[in-house]
Amino acid sequence: METYGWFFIILIFCISSNIIYHGKLTSLRERRLYPRPRIDFLSKYKAIFPKDSPYFGLTYQSLYGRPRSDFLDKGFEQKLEDWRVYFPELMTSLNKFNQRKQNTDFTLNTFSNSRVVIVDKRTEYKTGDILNARIDAYNWKENKSSFGGDYFVARLIYGNNTLYPDGIAGIVTDHRNGTYSIRVPLLIPGEARLEVKLMIPLEGIAELIRCTSLRKLLGTKYIGTFQTKESTECNIDLSFTNLTADEICDYSNPRNQEPWFCVKPPSGKCSKIINLILNRTQPSVYDFANEICNETLLQQLGCSRFIKGSGSKINVRPGDQKPALPLCSTSLNGITPTRPNGYFVNGMWKSTFCKNNLKSFAEAASCFHNKDIYFLGDSTSRQYYYFFAKMIGMEPVYQEDGKETPFGRGWNQPRTFRSGSTQMYFRGHGTPMQNSGPLNDKPYVSDMLDEISPGENEVVVIFNLGLHMLYFEPSFFIHRMRGIKDAMLRLNQRRANVRVIFRSQRVLDTNTKRNNGWLVYRYGVLTREIFKDIKNLFYFDLWDLSSVWPLNHFHPRQEHLEQEALYLCNFICNEKRV
């Protein structure tokens, strides 16, 4: 009997241990931790640069372009997430659409017959009221759409300035039955008109998902040139090809496990990549089984066009006073959106959830003293870098004469400004980047964050990435962003005076062949989800601002930059002014 007693004790212990183990395993899976950097065998590749150097923080730049075999490191298995789990309602709509599409005559072209109506039409409204409207989506046969999924953008605008009007974004809610509601708080008196655009119907979204289902930009190819003077095709993934493992060189980064592969050159040697270019004119020979985005179809679907009923006018008279708001600060987080989060009045952007009271850049200049400011990402981050440097009156620590540097030439090479106690840095992001040059000038954001060491200055990191990855399958973007998140957590352990600001994607209202507004929206949703539990990350949301002042180019004009930069200064500066 005593033996059986010990048996049951051991059995219970084993069961309990198993439950605990699986509980921990589940917890780890839920956290989806990004792999820790491999630093034990990489010290010989480190290069230390002084703080005012254009190359400061690029300690591991000599790793870039080296084959994994240089590090005697085994391959790794990437754990990729399915981006579709973050869009459950859209996936339901797409499933219904695909079932109906089995009939080849069926289409969901909602442009020509969809219409918007104001639900509570009145002779006059007052500020403080809510304007409610409804979109009814119909297909080309005048049949009511039954499962939603179309992407609309709405705005209420005042006056005749078509480029930079006063106004506010409308919040569009998809009820997944062919009906969409629009809600607009009325904050500005005067005569206004409600404008509604169908940015892309569900059928177009299905096409964009199809042609971005590979971890590469279809119809293009990257060409890597090696130390052997040979050149072959490269990309973040070659598994979709018929190449064998022996025909591929693995250049994936050993610190953060970011993938990069090249076709093995004729010499059979996987030597260091010394230059990389994106070729848009000669599609990859490995794309033969995959069709690029059908831009003609996307245009025929009526993308980025006003629907019937758009332009309806209303009159708004002065009414209730606006409630008092706290000063804008990054402690407000911004991950949970207040929608709409602002409006334009008298040509100036005003927040709806905080008081952005800075009226000029001169008021903001002093708050940048004793700060190290990092602008990380693509050319839109570089725009911010130069704009802020000009605003503060900073000078480059080296002559920007366009001459060849160890990192090549071009906008994406690293840059540093300095003025007294303030340092400002611009660094591009890692591959894939669509600009030519060596991999050294494409540092990973996670590497940059890992190189920020303890110090007295406050650190402000302003970053954005995604535009160079729009036409890639999003699991790669998720992997990259989770790596950045993990680097942020490591930085928080080393240094207390750090604030990280993610500059959101903007609404792209393109009438060109590259209709990618929904792809930008997709990355915005993913970013919010990934960073939602980081306390010192502020999500600087420009979605509603760019809904009122639409963009038809990736790079905003000067007028946009001035509004965005002054608005951002409120969040950077008010921590000291409260």
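We number each residue from 1, following the sequence as shown. Only a predicted model underlies this, so the values are computations on that prediction, with no experimental measurement involved.
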For Leu526 and Pro474, work out which heavy atoms get closest and say how close. CD1-CB, 3.9 Å
Side chain to side chain donor-acceptor pair (under 3.5 Å) with Glu529: which residues, sequence neighbours excluded? Lys532
Go through the steps to decide whether Lys126 and Glu124 satisfy the test salt bridge (charged side-chain N to carboxylate O under 4.0 Å, His left out), and finish with yes or no. CA-CA 7 Å; Lys126 66 178 187 299; Glu124 191 176 69; over 6 Å; no
Do Pro556 and Trp549 come within less than 4.5 Å of each other through their side chains, counting heavy atoms only? no
Trace of the salt bridge (charged side-chain N to carboxylate O under 4.0 Å, His left out) decision for Asp533 with Lys485: CA-CA 10 Å; Asp533 57 347; Lys485 175 182 176 179; 2.9 Å; yes
Is the number of heavy atoms from other residues, nucleotides or ligands under 6.0 Å of Lys322 NZ greater than 12? yes
Start with the C-alpha gap between Tyr521 and Tyr151, add the side-chain angles, then the distance that decides, and say whether ring-ring contact (aromatic ring centres under 6.0 Å, His included) holds. CA-CA 10 Å; Tyr521 168 78; Tyr151 169 40; 5.6 Å; yes
Do Asp441 and Arg427 sit within salt-bridge range, that is, some charged N less than 4.0 Å from a carboxylate O? no
Does the side chain of Asp544 pick up a donor-acceptor pair with the side chain of Tyr343 at under 3.5 Å? no
Identify, with sequence neighbours excluded, every residue that meets salt bridge (Lys or Arg N to Asp or Glu O under 4.0 Å) alongside Arg210. Glu207
Does a side chain donor of either Thr422 or His369 reach within less than 3.5 Å of an acceptor in the other side chain? no
Donor-acceptor check, side chain of Ser310 to backbone of Val196, threshold 3.5 angstrom: yes or no? yes
So, using salt bridge (Lys or Arg N to Asp or Glu O under 4.0 Å) as the criterion, who are the partners of Arg84 when residues are at least two apart? Asp82
Evaluate the side chain to side chain contact (heavy atoms under 4.5 Å, CB included) criterion for residues Leu568 and Tyr384: first the C-alpha distance (whole Å), next the side-chain angles of each, then the deciding distance (0.1 Å), finally the verdict. CA-CA 10 Å; Leu568 180 57; Tyr384 266 41; 3.8 Å; yes
Evaluation steps, ring-ring contact (aromatic ring centres under 6.0 Å, His included), between Phe477 and Phe472: CA-CA 8 Å; Phe477 176 78; Phe472 290 74; over 10 Å; no
Would you call Arg499 and Glu458 a salt bridge, taking side-chain N to carboxylate O under 4.0 Å as the test? yes
If I compare all heavy atoms of Ile292 with all of Cys211, which pair ends up nearest, and what's the gap? C-CB, 4.0 Å
Under a 4.5 Å cut-off applied to non-hydrogen side-chain atoms, are Val184 and Ile171 in contact? no
Do Tyr164 and Gln563 get their side chains close enough for a donor-acceptor pair, meaning under 3.5 Å? no
Within the 4.5 Å heavy-atom criterion, are Phe97 and Glu203 side-chain neighbours or not? yes
So, Asn497 and Arg495: side-chain donor and acceptor under 3.5 Å apart, yes or no? yes
Heavy-atom check, side chain of Ile373 versus side chain of Phe388, under 4.5 Å: no
Go through the structure and list residues passing side chain to side chain contact (heavy atoms under 4.5 Å, CB included) with Arg134, not counting sequence neighbours. Val117, Val119, Asp136, Thr179
Residue set satisfying salt bridge (Lys or Arg N to Asp or Glu O under 4.0 Å) with Glu559, at least two apart, ordered chain then number -> none
Pair Asp129 + Arg122, salt bridge at N-O below 4.0 Å: yes
Is Lys96 positioned over the aromatic face of Phe147, cation under 6.0 angstrom from the ring centre and no more than 45 degrees off axis? no
Do Ser421 and Asn370 meet the criterion of a side-chain donor-acceptor pair at a distance under 3.5 Å? yes
Mutual orientation of the aromatic rings belonging to Phe540 and Phe538 [parallel < 30°, tilted 30-60°, perpendicular > 60°]: tilted
For Arg415, the option from Tyr425, Tyr386, Tyr385 that meets side chain to side chain donor-acceptor pair (under 3.5 Å): Tyr386
Ignoring hydrogens and angles, state whether a donor on the side chain of Thr212 or Arg522 is under 3.5 Å from an acceptor on the partner side chain. yes
Can you list the residues that meet the disulfide bond (SG atoms under 2.5 Å apart) rule with Cys569, with sequence neighbours excluded? none
Do you see a donor-acceptor pair shorter than 3.5 Å between the side chains of Arg503 and Thr380? yes
Would you sort out whether Phe375 and Phe463 count as a ring-ring contact (aromatic ring centres under 6.0 Å, His included), showing the intermediate values? CA-CA 6 Å; Phe375 295 87; Phe463 82 101; over 10 Å; no
